[in-house]
Each structure stands twice: as C-alpha cells, then as structure tokens.
Amino acid sequence: MESGIEYFEVVEGNIKAEKQTGDFGGPNMWNLCVETNNGWYKQVQWMNVSNIQEFFKTQLPVYEEKSNSVYQLQKHRL
C-alpha cells in the first residue's frame, strides 16, 4: 500500500534536507545533511520538519494522516 509520502530534498548552500518515503517516527521526519570537503553529503541529524525548517528558506512539505498510515500534504502551513 502506498503511504502518499514522496521523496523530497532541498539543498541550500552546504546543507541538505532530505525526506524519505517512509513514516518511521512519523510522517514529518527529515534528514539534515552537510556537504563534506569531497562534495558528498553526510547525514548529521534526523529531525522533525518543525525543527529542520529553521535552517532553510524554502518551505518544506508537511504531511498529515488521511487514514491509517496513508498521508497527504497539508494544504496550508502556518
């Protein structure tokens, strides 16, 4: 069954927010990654969208549960 969560990433400067398609820990958990000296990204923290959003100008998508383990994007963000 499809969860409705899509892969998403935002890169700003040397940091990247990465949303995987799973809902482990909740549908709004993101990986915060930092670019290394060789150009690859290394995950440094797993955090909720409300915390990771502080590091990014781009508005990150937020999911809400539509039914049992099926999610949809929230239409309006505060």
Side-chain angles (χ1 to χ4, degrees):
M1 180 169 79
E2 293 281 326
S3 69
I5 299 173
E6 296 181 19
Y7 178 82
F8 194 83
E9 73 177 32
V10 172
V11 176
E12 293 182 3
N14 67 340
I15 60 173
K16 175 171 73 169
E18 181 181 53
K19 174 68 186 117
Q20 299 293 330
T21 59
D23 64 352
F24 178 77
N28 294 305
M29 296 300 291
W30 289 71
N31 294 318
L32 176 63
C33 306
V34 176
E35 188 176 14
T36 63
N37 289 335
N38 62 10
W40 294 94
Y41 284 89
K42 182 171 183 162
Q43 179 184 333
V44 294
Q45 186 69 40
W46 184 56
M47 57 198 329
N48 190 279
V49 69
S50 61
N51 294 322
I52 198 171
Q53 184 63 68
E54 297 178 43
F55 299 99
F56 294 89
K57 294 178 183 177
T58 302
Q59 198 70 22
L60 301 174
V62 174
Y63 288 91
E64 61 187 358
E65 192 165 14
K66 186 171 143 182
S67 62
N68 192 22
S69 297
V70 176
Y71 304 93
Q72 67 182 13
L73 285 173
Q74 284 185 358
K75 293 181 181 166
H76 302 287
R77 294 240 6 236
L78 300 175

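Counting begins at 1 with the first residue of the sequence.
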Any donor-acceptor N or O pair under 3.5 Å, side chains E18, Q20 = yes

Pairwise distance OG1(T58) to CZ(F8) - rounded to 0.5 angstrom = 7.5 Å

task = Establish whether M47 and V49 are linked, either directly or via other cluster members, by ILVMFWY side-chain heavy-atom contacts under 4.5 Å.
result = yes

remark   = Exactly one candidate in F56, W30, Y41 meets side-chain contact (heavy atoms from CB on, under 4.5 Å) with K16; the answer is Y41

key: Nearest-0.5 Å distance that lies between atom CG in N31 and atom CD in Q43   = 3.5 Å

inquiry  = Strictly distance-based, threshold 3.5 Å: is any side-chain N or O of K19 a donor or acceptor partner for the main-chain N or O of G22?
reply    = yes

key: Check: C33 and V44 side chains under 4.5 Å, non-hydrogen atoms   = no

inquiry  = Atom CG of residue position N37 - does it have more than 12 heavy atoms of other residues, nucleotides or ligands inside 6.0 Å?
reply    = no

task = With rounding to the nearest 0.5 Å, note down the distance linking CG in N28 to CD in Q74.
result = 7.0 Å

message = Run I52 and L60 through side-chain contact (heavy atoms from CB on, under 4.5 Å) and show every step you take.
response = CA-CA 9 Å; I52 198 171; L60 301 174; 3.6 Å; yes

inquiry  = Please check if the number of heavy atoms outside F24 that lie under 6.0 Å from its CZ is greater than 12.
reply    = no

inquiry  = Determine whether a donor-acceptor pair (N or O, by modelled atom type, separation under 3.5 Å) exists between the side chain of N14 and the backbone of V34.
reply    = no

ask   = So, does Y63 use its side chain to make a donor-acceptor pair with the main chain of E6 at under 3.5 Å?
value = yes

remark   = So OG of S3 and NZ of K66: to nearest 0.5 Å the spacing works out to 11.5 Å

message = Under 4.5 Å between side-chain heavy atoms, counting indirect links through other Ile/Leu/Val/Met/Phe/Trp/Tyr residues: same cluster for W46 and L32 or not?
response = no

request  = Please examine the side chains of Q59 and Q53, heavy atoms only from C-beta on, and report whether any two atoms are closer than 4.5 Å.
outcome  = yes

